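One structure is given here, and the rest of the page talks about it.
Computation of the quantities below employed the complete heavy-atom set of this structure, encompassing side-chain atoms and omitting hydrogens, waters and symmetry-equivalent molecules. Residue numbers begin at 1 in each chain, while the letters A, B, ... track the order of the sequences. Since the structure is predicted, the reported quantities are computational estimates derived from the model, not experimental observations.
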Amino acid sequence: MSIFINNKVEKTFFELSGVRRRWILVLFLLGFLTLILRAFYLQSVNKNFLQEKATATSNRVISLLADRGKITDRYGNILARSTPVFSVNANPKITKVKMNKDQRVQLESILKLSSTEIDKKIFNSQKDNVYLKRRVPPSDADQLKALKIPGITFENDFQRFYPAAEVAANLVGCTNMENVGQEGIELAQNKSLSGVAGRRKVLKDKLGRTVDDIDDIKLPQEGNDITLSIDRRIQYLTYRELAKSIEEHKAQAGSAVVINAKTGEILALANLPTYNPNNLNAGYGPTRNRAVTDVFEPGSTMKPFVVSAALDSGIIRPNQVIDTSAGFMKIGAFVIHDLHAEPGKLSMTVSEVIAKSSNVGAARIGLMQDPKSLWGTLNKVGFGMRTNVGFPGEVGGVLRNYKNWGMIGQATVSYGYGGINLTLLQLAQSYTVFANDGELKPITLYKRNEPVIGTKVFKKETVRTMVEMMEGVIEEGTGGNAKVKGYRVAGKTGTAEKSNNGKYEKNKNIGSFVGLIPATNPRIIMAVMIDEPSVGSHFGNAVAAPVFSNVMTDVMKILNVPQDDKLQNKILQQEKAEPKETI
Amino acid sequence: MALGKVNSEHQYRKLFSEHEHQKDIGKQLDLKYSQLQIEQSTLSMHSKIEDIAKKSLKMKEPESKNIIMLEQP
């Protein structure tokens, strides 16, 4: 009975709890089902999204910036170099809410931004990311990092510095904000200088330390360094003296090129006006490298080639007398004048034609020659062709075809007018024939380690004679201001009226000078041109020759070139009976 | 076994992090070096030296009468 009762009791219990048990069971099952569904949802449907989230918090891809190569002068002195800086970015949505007053004050003072600028960039911005300031120096960036302002991030960047600043700006050039070359060598060699950025993927722990590499590291390819043929000291001297002359004569512009006569390496290339590449906020200034990109009519500096061509082919002898008709010559209706004519002097020797820079004499000598062969000679010394020095924007000037010369054309070309114009660089290069026994040397802006072979244009004897005649220019001719104490100088002045739409303007001139030093065995060639001098004389001897003299006085010391002129020293002259003189 | 793996992974990460830290120091030194190079280059500019020599040291170039040229034997 009791069993029955017990059974009954038990049965009652089971029956009573049966519903409840099932309910609980169902609830549990539902609970598990939810969990399984959720797990399924997370692991398969939402898998990629979540994995990305997870890796994003611990994995970082770091871009490894490639350092832009250095540009140095021939001795390794830096002319352009990149240093790491930071770009400071902000996420306005975070920063505007979470930055406190104190942090804001600090931010403004470190970045030197005004309160309104901060307002504009952060508080009135709807963007997710704004540049607060670029090119922030590392020391400032470190201070900012220490403030831990929410939403402020830092990006690695590079900035270019140019220690030579405006002295070499037109040559070295500059880069833009994205570190891409915009001008000069920076542009010409951009590809080589740039390098290729690398990347690495790393694992970070919760403190932000890098604890492992995840992928293979792709190392950045650093940019190549470029060594120019420039000598920084000579570059500076050239710039300084050029600036002095331009200031003195209130000229519009000026350029100067210094070349190593034997190797064709450009030692200095200065231009004015110029700009400071370290401060481009004011926009690009006068970036043009006039010596390479601008042409002018050379005027009298052409005469040595025309006369050499005649000497070389034996048409004239060095001591031959040329009829210069008292500095006045008529071809049809066209009249040629001499600028430095001596009254009553009807004829000149060839040497005098060069020394006194007679247009009439040069025109006569020019006209004696076969147009085709004269053109050939002028073409061989590089007129009408680019020097291919590898500078962006280089032009080759014009050498009009001899078929279109006519008599007047041939006469005017002979003294550097009419169908000819060229860059200062071409002019400087052409004079290498007088320093290398008649060989024209290819010129370069990059350091040369081996001597180069040039193209033969004139005979050795012709060149010797011409150099002697050009010494006459300095000694008794039109180029007296180019004298350098202790050295013999050969050179040629040039003064050309600027042409404007085919008309020559009397008051707009270009004064130029090309010289070789020491004349006994030229080591250096320097070409100078001053554009539109407006105060004092506009002649090449007045505006350009002093630049040559001043620069070369120092350059001879810098390069330790032995003096070739009569020794100036009394004691030594007494001891030695005869002064040293060669040629 | 498993603990050994955990331990070695931990050690590895610790060393790796230290290595990274040293590399950072290296980078800092590189940076310093590049800044010094630029500074040296700026300070050794001809214009700067000339300025100091002429203005603060009151130096001047000798005139030619004060220069004695010696001839090489």
Is the charged tip of B:Lys48 near the ring of A:Tyr236: under 6.0 Å from the six-membered ring centre and within 45° of its axis? no
Taking side chain as everything from C-beta outward and backbone as N, CA, C, O, which of these in A:Asp554 sits under 4.5 Å from a heavy atom of chain B? Side chain, backbone, both or neither. side chain
Region of B:Glu50 in contact with chain A, defined by heavy-atom distances below 4.5 Å: side chain
What do the steps show when you test A:Met552 against A:Val258 for side-chain contact (heavy atoms from CB on, under 4.5 Å), and what is the final call? CA-CA 10 Å; A:Met552 284 309 136; A:Val258 180; 4.1 Å; yes
When the 4.5 angstrom heavy-atom criterion is applied to B:Lys32 and chain A, the contacting part is neither
Side chain from CB out, backbone as N, CA, C, O: work out which of these in A:Arg233 comes under 4.5 Å of a heavy atom of chain B, or both, or neither. both
Gap between atom CG of B:Leu36 and atom OG1 of A:Thr83 - 0.5 Å precision: 11.5 Å
Residue, of B:Arg13, B:His19, B:Glu39, B:Gln35, that accumulates the most heavy atom pairs under 4.5 Å with chain A: B:Arg13
Will you find, in the side chains of A:Asn77 and B:Ser41, an N or O donor that is under 3.5 Å from an N or O acceptor? no
With a 4.5 angstrom heavy-atom cut-off, could you sort out which part of A:Ala165 is near chain B: side chain, backbone, both or neither? neither
When the 4.5 angstrom heavy-atom criterion is applied to B:Glu20 and chain A, the contacting part is side chain
Taking the side chain as C-beta and beyond, is there a heavy-atom pair between A:Ile524 and A:Leu267 under 4.5 Å? yes
Determine whether more than 12 heavy atoms belonging to other residues, nucleotides or ligands lie under 6.0 Å from atom CZ of A:Arg199. no
